[in-house]
Amino acid sequence: MAKEIVVSGIRPTGFLHLGNYFGALRNYVRMQHDYDCYFFVADWHSLTTHPDTSSLKESVHYVLAENIACGLDPEVACLYVQSDIPEIAELYLYLNMLAYKGELEKTATFKDKVRTQPQNVNAGLLTYPVLQAADIIVQRATKVPVGKDQEQHLEMARNFAERFNHRYGDVLVVPYTFNYGSELTKILSLDGTGKMSKSENQMATIYLADEDELIRKKIMKAKTDSGPTGKGVPKPDYIENLFTLMQLVSNYEVVAKFESDYKSCCIRYGDLKKQLAEDMVMFIKPIREKAAAIQNDKAYLSKIIKAGADKARENASETIKMVRKAVGLNYV
Ligand code: TRP
């Protein structure tokens with residue numbers, strides 16, 4: 001039986017951090033063997049907020065390099081760049097006729113952007129969810145591994161697909177978000193102020209591109225306190241976060257030792273951070289070095305980008321053929 005199709009897009013804006021890696025990328029790496037995966041760099045989407053394209057090429061290459069360095073295998077999953085697939089733009093056009101101005105204006109991410117970039121509220125920003133729906137639907141994906149912040153966009157994608165099917169016949173596959181439930185690991189910012197993110201405090205976000213010394217410095221600066229105030233007192237979230245990171249990058253005995261120190265109230269956070277820093281360096285260093293090597297290997301990157309585009313276009317063009325026929329755009 002054919003495998004279910006998975007689609008996800010990554011915006012080429014900035015370097016990947018630990019939150020991206022443990023929250024999303026690690027799941028993509030797992031999924032690539034179980035599903036027919038299409039992962040792409042959403043360069044068209046980035047134009048809605050980043051009209052300056054002077055560093056776009058480097059960013060697109062870097063995103064691909066990092067994703068491959070983290071374990072996405074271009075021989076297994078289809079890796080491509082959105083703008084290489086004109087079929088997406090064509091489906092976007094049809095779906096735009098089925099998207100209402102009112103519902104687009106009500107979208108949370110749009111309202112957010114109106115607030116944060118009032119000088120550039122362009123139509124592309126308004127129809128961002130339509131383009132995203134086209135990305136997904138054109139590949140006939142059933143599963144879309146995205147976080148909570150994208151659920152509204154997925155609901156809209158389902159609405160557009162269903163409206164299309166209602167008007168033109170049952171052609172489009174209706175997609176759903178896909179989560180590993182409790183397995184989704186949330187990484188907090190090292191200063192204890194919410195989710196790790198690329199826009200907040202740079203010293204509280206660890207990037208996969210960070211050099212060894214910078215990783216050490218960031219971890220040593222992470223927020224702690226004077227230790228547990230009594231036995232059985234639960235860990236504050238910023239301490240829990242350090243343990244979460246440790247579980248992800250340190251070996252079992254190390255975690256067990258610090259857990260037991262915490263329980264018996266003799267934990268020394270300075271020691272924990274030193275250990276975590278070294279284990280984090282060992283974890284990130286090979287990814288960083290591999291990403292840098294791929295970034296410099298332009299011949300390899302070109303090969304990947306071309307092969308990905310061929311495969312993604314082949315699959316997408318089947319959808320477009322059915323769509324054109326259903327809409328009635330066949331004149332010869
Ligand atoms: N909007 C997504 C984000 O901000 C990126 C994205 C674009 C995407 N197209 C997609 C995600 C299609 C999943 C499927 O992260």
Side-chain angles (χ1 to χ4, degrees), residues 4-17 19-28 31-32 35-50 56 59-60 63-64 66-67 72 77-92 95-96 99 104 107-113 116-117 122 124-161 172-180 184 186-187 195-199 308 312 315-316 319:
E4 277 187 90
I5 297 175
V6 167
V7 163
S8 201
I10 311 147
R11 277 179 304 168
T13 46
F15 298 110
L16 293 174
H17 53 69
N20 302 132
Y21 180 82
F22 290 112
L25 198 51
R26 204 173 47 147
N27 290 327
Y28 296 177
M31 289 178 94
Q32 64 185 339
Y35 302 99
D36 203 359
C37 288
Y38 291 82
F39 297 126
F40 68 94
V41 186
D43 59 339
W44 277 336
H45 274 118
S46 76
L47 295 178
T48 62
T49 49
H50 294 68
L56 185 59
S59 310
V60 168
V63 171
L64 286 170
E66 271 195 330
N67 278 274
L72 278 191
C78 181
L79 299 184
Y80 57 104
V81 181
Q82 185 184 33
S83 62
D84 279 336
I85 320 299
E87 288 78 8
I88 296 172
E90 184 171 341
L91 183 59
Y92 170 56
L95 296 181
N96 266 322
L104 296 171
T107 314
T109 48
F110 177 71
K111 289 202 290 196
D112 228 49
K113 286 292 183 302
T116 54
Q117 57 168 65
N122 58 76
L125 205 53
L126 181 68
T127 57
Y128 184 113
V130 189
L131 182 56
Q132 181 163 349
D135 293 329
I136 298 164
I137 293 168
V138 86
Q139 305 296 358
R140 300 183 299 285
T142 50
K143 289 184 156 55
V144 184
V146 285
K148 269 224 158 349
D149 63 322
Q150 295 294 309
E151 251 156 41
Q152 192 179 24
H153 289 176
L154 259 289
E155 191 187 327
M156 295 171 82
R158 283 195 291 282
N159 287 337
F160 303 148
L172 302 182
V173 175
V174 180
Y176 288 86
T177 48
F178 181 77
N179 285 319
Y180 286 91
L184 266 189
K186 239 209 219 127
I187 307 294
K195 251 171 59 167
M196 187 172 280
S197 93
K198 55 187 160 203
S199 46
N315 191 50
T319 307

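Throughout, numbering of the chain's residues begins at 1 and tracks the sequence. Each ligand, and each atom within it, is numbered from 1 in the order the structure gives.
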Please tabulate, one line per pair, the protein N or O atoms found under 3.5 Å from any N or O atom of ligand 1, giving the distance to one decimal.
from	atom 1	to	atom 2	distance (Å)
ligand 1	1 (N)	Tyr128	OH	2.8
ligand 1	1 (N)	Gln132	OE1	3.0
ligand 1	1 (N)	Gln150	OE1	2.9
ligand 1	4 (O)	Arg11	NE	3.2
ligand 1	4 (O)	Arg11	NH2	3.2
ligand 1	4 (O)	Tyr128	OH	3.4
ligand 1	4 (O)	Gln150	NE2	3.3
ligand 1	9 (N)	Asp135	OD2	2.8

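- With 3.5 Å as the limit, one finds a donor-acceptor pair spanning the side chains of Tyr92 and Thr127.
- Applying the salt bridge (charged side-chain N to carboxylate O under 4.0 Å, His left out) rule to pairs touching residues 148-157 yields nothing, sequence neighbours excluded.
- The side chain to side chain contact (heavy atoms under 4.5 Å, CB included) search around Thr107 returns Thr109, Phe110, Pro129, Gln152, His153, Met156, not counting sequence neighbours.
- In this structure, the side chain of Asn122 engages the main chain of Thr48 through a donor-acceptor pair within 3.5 Å.
- The closest donor-acceptor contact from the side chain of Asn67 to the backbone of Leu72 lies at 3.5 Å or more, if one exists at all.
- Residues satisfying the ring-ring contact (aromatic ring centres under 6.0 Å, His included) criterion with His17, sequence neighbours excluded, are absent altogether.
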